[in-house]
Number of protein chains: 2
Amino acid sequence: MIRIGKLAHQSQVSRDTLRFYEKHGLITPSARTDAGYRLYAESDIKRVGFIVSAKKVGFTLNEIQQLLQLEVTKDIKSCQDVKEFVDHKIQLVNEQLTETRRIKKSLETLSEACCGGDEPATQCTILDTLNR
Amino acid sequence: MIRIGKLAHQSQVSRDTLRFYEKHGLITPSARTDAGYRLYAESDIKRVGFIVSAKKVGFTLNEIQQLLQLEVTKDIKSCQDVKEFVDHKIQLVNEQLTETRRIKKSLETLSEACCGGDEPATQCTILDTLNR
DNA sequence: CTTGACTCTGGACTATACTCTAAGGTTTAT
DNA sequence: ATAAACCTTAGAGTATAGTCCAGAGTCAAG
Ligand SMILES: [Zn+2]
Ligand SMILES: [Zn+2]
Ligand SMILES: [Zn+2]
Ligand SMILES: [Zn+2]
């Protein structure tokens, strides 16, 4: 059983973040000392690792909470359930990708139409376009 | 000079949003009635149009504030200034694109490794990977 | 036995972009 | 004249993901 500072160091997150995750139901220390210090067991440490890994692949905290539900109840969940969850996330990411690409294109079109010269921007096509 | 409701309708934003923009220094009505009602002139209407257009191509409100500065002082700004601003934004968008692509790849790798079958997820490669 | 390192709680603050509510005043149409 | 529609303000709430702080208690070492 380790205390919060050590877990924070090991997991590369801040103490504040661990307490924040706790407040949002992502992780709860298995025990407390008499003085009220949080004590984390092996399983808690693993759980934090899970959260960190899931963050790295782009899941939000809300999604991670759902993933943790799947993990904890994996006996009564199927690979299908898990895969569907990930595939749904991929769809969301794809939508975001499409939107970001659209924005990139718009900006590039804007940029390409502008001469970028030294003259005053009174006739700048970028400003003109935004003014339409 | 039109009132907020009409401008909101014309510009396809809510009254609340217009007041929100005002609070954040993006637009100020040219006048007020005796009763304190906001009155918007032609130039105000154009300015809202500018904001809406800029939003559509992905600028944040903060960036739009800077763009409006460029627009207002276009006499003493050059096309170069404007283009550089846009090009800098394109860089930011590209970074976001790179990150989102990385996430997509990670998720796809995750998904592809999972059989997606009916059996319990006790050995699911997705959960295993996140637990590492 | 005191100093420094560590921990606790609750709450405020950051950034982004609104959205909604309450309580009240104004304008317009019938 | 009165009801509907419109407007005002301040402030709270939403979602996301923390970060920081104050004031106080705890623990190990010299
Ligand atoms: Zn030019
Ligand atoms: Zn230009
Ligand atoms: Zn499987
Ligand atoms: Zn699986």
Side-chain angles (χ1 to χ4, degrees), chain A residues 1-41 44 48 50-68 89 92-93 95-96 99-100 103, chain B residues 1-40 44 47-48 50-68 89 92-93 95-96 99-100 103:
Chain A
M1 303 280 258
I2 60 173
R3 297 196 311 206
I4 199 169
K6 194 164 180 191
L7 177 55
H9 184 77
Q10 273 180 29
S11 311
Q12 296 285 305
V13 297
S14 75
R15 292 185 216 51
D16 273 335
T17 297
L18 287 172
R19 285 187 281 248
F20 176 82
Y21 287 168
E22 183 178 343
K23 192 161 66 176
H24 287 73
L26 289 164
I27 182 162
T28 311
S30 290
R32 295 269 187 153
T33 68
D34 289 347
Y37 286 18
R38 289 166 178 81
L39 289 176
Y40 297 92
D44 298 329
V48 173
F50 187 99
I51 296 170
V52 170
S53 300
K55 284 227 72 187
K56 278 192 190 137
V57 295
F59 287 108
T60 66
L61 294 189
N62 199 304
E63 288 160 349
I64 292 171
Q65 206 155 23
Q66 295 170 60
L67 272 172
L68 284 166
K89 175 66 177 180
L92 293 179
V93 172
E95 280 161 26
Q96 204 199 314
E99 172 64 2
T100 307
I103 281 170
Chain B
M1 302 280 257
I2 60 173
R3 297 196 311 208
I4 199 169
K6 195 163 179 191
L7 177 54
H9 183 76
Q10 273 180 30
S11 310
Q12 296 285 305
V13 296
S14 75
R15 293 184 217 42
D16 274 335
T17 297
L18 288 172
R19 286 188 281 249
F20 175 82
Y21 287 168
E22 183 178 342
K23 193 161 66 175
H24 287 73
L26 290 164
I27 182 160
T28 313
S30 290
R32 295 270 188 152
T33 67
D34 290 346
Y37 286 18
R38 290 168 177 79
L39 289 176
Y40 298 91
D44 298 329
R47 201 173 159 101
V48 173
F50 187 98
I51 296 169
V52 171
S53 301
K55 281 225 74 184
K56 279 191 190 137
V57 295
F59 287 109
T60 66
L61 295 189
N62 199 304
E63 288 160 350
I64 292 171
Q65 206 156 22
Q66 297 170 58
L67 271 172
L68 284 166
K89 175 66 176 179
L92 293 179
V93 172
E95 281 162 25
Q96 205 199 314
E99 172 64 2
T100 307
I103 281 169

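A note on names: the letters A, B, ... follow the listed sequences, proteins ahead of strands, and every chain is numbered from 1. Computed from a predicted model, the values in this text were never measured in an experiment.
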- Item | S30(B): side chain to side chain donor-acceptor pair (under 3.5 Å) partners, not counting sequence neighbours | D44(B)
- Query: Taking the side chain of Y21(B) as its heavy atoms from C-beta onward, which of dC18(C), dT8(D), dC8(C) lies nearest to it?
  - Reply: dC18(C)
- N or O in side chain of R38(A) less than 4.0 angstrom from dT9(C) OP1/OP2: yes
- Item | side-chain contact (heavy atoms from CB on, under 4.5 Å) involving Y37(A) - partner list, sequence neighbours excluded | R3(A), T33(A), A35(A)
- Task: Just jot down the side chain to side chain donor-acceptor pair (under 3.5 Å) partners of T17(B), sequence neighbours excluded, or say none.
- Result: S14(B)
- Note on the structure: Sorted by chain and residue number, the side chain to side chain donor-acceptor pair (under 3.5 Å) partners of E99(B) (sequence neighbours excluded) come out as R102(B)
- Query: Taking only residues two or more places apart in sequence or in another chain, which ones pass side chain to side chain donor-acceptor pair (under 3.5 Å) with Q66(A)?
  - Reply: N62(A)
- Readout for nucleotides 19-30 of chain D: B = base within 4.0 Å of protein heavy atom, S = sugar-phosphate only, - = neither; 5' to 3' it is SB----BBS---
- Listed partners of H24(A) passing ring pair (Phe, Tyr, Trp, His ring centres under 6.0 Å), at least two apart: F20(A)
Any protein N or O atoms within reach of nucleotides 1-3 of chain C? Criterion: under 3.5 Å, listing atom names and distances.
none

- Phosphate OP1/OP2 of dT26(C): any R32(B) side-chain N/O under 4.0 Å: no
- Note on the structure: R47(B) meets the salt bridge (Lys or Arg N to Asp or Glu O under 4.0 Å) criterion, sequence neighbours left out, with none
- Message: Let me check I have this right: for DNA chain C, each base becomes ., (, ), [, ] or |, based on Watson-Crick or G-U pairs with both distances under 3.5 Å. What is the full string?
- Response: ||||||||||||||||||||||||||||||
- Task: Please work out which residues in residues 55-64 of chain A have a non-hydrogen atom less than 4.0 Å from an atom of DNA chain C and list them by number.
- Result: none
- Enumerate the residue pairs fulfilling salt bridge (Lys or Arg N to Asp or Glu O under 4.0 Å) with a member in residues 6-20 of chain B, sequence neighbours excluded, ordered by first and then second residue. D16(B)-R19(B)
